[in-house]
Amino acid sequence: MAAFRVVACSNSYLLASRLAEKLGAPLIPVERRWFPDGELYLRIRGEPGRDAVVVQSLWPRPSEALLELLMVAGTLREKGVDRLVAVVPYMAYMRQDSEFNPGEVVSARRVATLLDAAGFDLIVTVDMHLHRFSSPAELFKTPVANLTAAPLLAREALMMGAENPVIVGPDEEAEQWARAAAEAVGTEYTVFEKHRISPDEVEVRPRDPGVVKGRDAVIVDDIISTGGTVARAARRLLEAGARRVYVAVTHALLVQGALAKIHSSGVASLYATDTVETPFSTVTVSGMLAEKLGG
Ligand code: R5P
């Protein structure tokens with residue numbers, strides 16, 4: 001499939017260039033500027049050919065990033081691209097997956113509808129946040145390959161020197177990633193559970209606190225947003241006798257003082273993948289994306 005050309009939208013230039021290298025494919029950058037009134041100016045800086053992969057993470061500026069992806073995709077079709085794959089390493093808007101209060105827009109559905117309308121032959125994403133929907137097929141009409149970076153994150157912990165590690169999912173939704181990570185390195189996992197103490201008080205603790213005592217705990221999750229979830233989990237793990245706490249996430253958004261919160265919770269090390277480009281993105285998903293695309 002070396003016929004693919006890789007089109008790098010502006011949030012994912014680094015990952016797209018790594019992917020292009022692995023596929024042995026030409027890289028076509030998208031130039032993005034803004035008109036004085038704030039509208040996007042976009043220019044595809046090369047000939048896309050007949051088979052193209054367009055790469056765009058929906059972070060930062062998720063709404064604008066989505067619009068850029070949709071406009072670039074439409075232009076690629078107009079220019080004669082026949083097979084068009086979208087790699088959306090971080091799929092934003094998936095956490096509003098229900099009408100929790102009357103009238104709320106279920107963003108997950110609406111974003112899926114917009115991406116379906118773009119007419120991609122395939123969407124490839126990584127650790128899409130699926131909680132109330134159990135599979136992308138419940139949201140998208142387009143075929144979606146939802147890959148997981150959990151095994152890569154677990155192997156990285158070993159490379160960084162984690163000893164006798166136990167993998168920890170910081171909430172029940174994270175069990176899927178904790179299990180995949182633990183299986184990849186042949187170790188155990190545990191998951192945090194919530195216990196309601198009173199109508200407005202909730203306690204969280206690992207399902208099996210004894211399992212972390214004297215061991216390195218590796219918290220594996222899909223997203224850090226404000227850092228509250230992993231910081232709280234890290235504190236509880238240290239109280240339960242964990243030796244060191246590593247935090248490994250696929251998408252490190254790190255907003256609203258997340259870093260300070262995480263560091264003050266006693267975390268020894270924080271790392272993430274390059275689905276979102278940050279100084280913590282030491283694990284690349286380009287290899288598994290290339291494998292999925294046949295490189
Ligand atoms: C929640 O279900 C997700 O998997 C993450 O644990 C959560 O979104 C992280 O958010 P925050 O960093 O703001 O606690």
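Just follow the structure's listing: the first ligand is 1, and inside any ligand the first atom is 1. All heavy atoms count here, side chains included; hydrogens, waters and symmetry mates do not. The structure displayed is predicted, hence computed values, not measured ones.
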Contact region, D221 to ligand 1, non-hydrogen atoms below 4.0 Å, reads side chain
Judging by distance only, is a nitrogen or oxygen of S225 under 3.5 angstrom from one on ligand 1?
-> yes
D127 (side chain) donor-acceptor with A149 (main chain) under 3.5 angstrom = yes
Nearest non-hydrogen atom to atom 11 (P) of ligand 1 belongs to which of V249, T226, T250?
-> T226
For residues Y41 and E31, is any side-chain donor paired with an opposing acceptor at under 3.5 Å?
-> no
One should read off an interatomic distance between R95 CZ and H129 NE2, to the nearest 0.5 angstrom, of 7.0 Å
State plainly whether one hydrophobic cluster holds both F120 and V7, where clusters connect Ile, Leu, Val, Met, Phe, Trp and Tyr through side-chain heavy atoms under 4.5 angstrom apart.
-> yes
Non-hydrogen atoms of R95 versus ligand 1: any pair closer than 4.0 Å?
-> yes
Heavy-atom nearest neighbour in the protein, as seen from atom 14 (O) of ligand 1, with distance rounded to 0.1 Å | T229 OG1, 2.5 Å
Examine distances only and state if a side-chain atom of T273 and a backbone atom of T250 form a donor-acceptor pair shorter than 3.5 Å.
-> yes
Applying a strict 4.0 Å limit to heavy atoms, is G227 in contact with ligand 1?
-> yes
Check side chain to side chain contact (heavy atoms under 4.5 Å, CB included) between M160 and all other residues, then give those that pass, not counting sequence neighbours.
-> E156, Y246, S269, Y271
Ligand 1 to D171, heavy atom cutoff 4.0 Å, flagged ligand atoms 1 (C), 2 (O), 6 (O)
The atoms of ligand 1 lying under 4.0 Å from a heavy atom of E173, numbered in the order shown, are 1 (C), 2 (O)
Distance filter under 4.0 Å to D222 heavy atoms, resulting ligand 1 atoms | 3 (C), 4 (O), 5 (C)
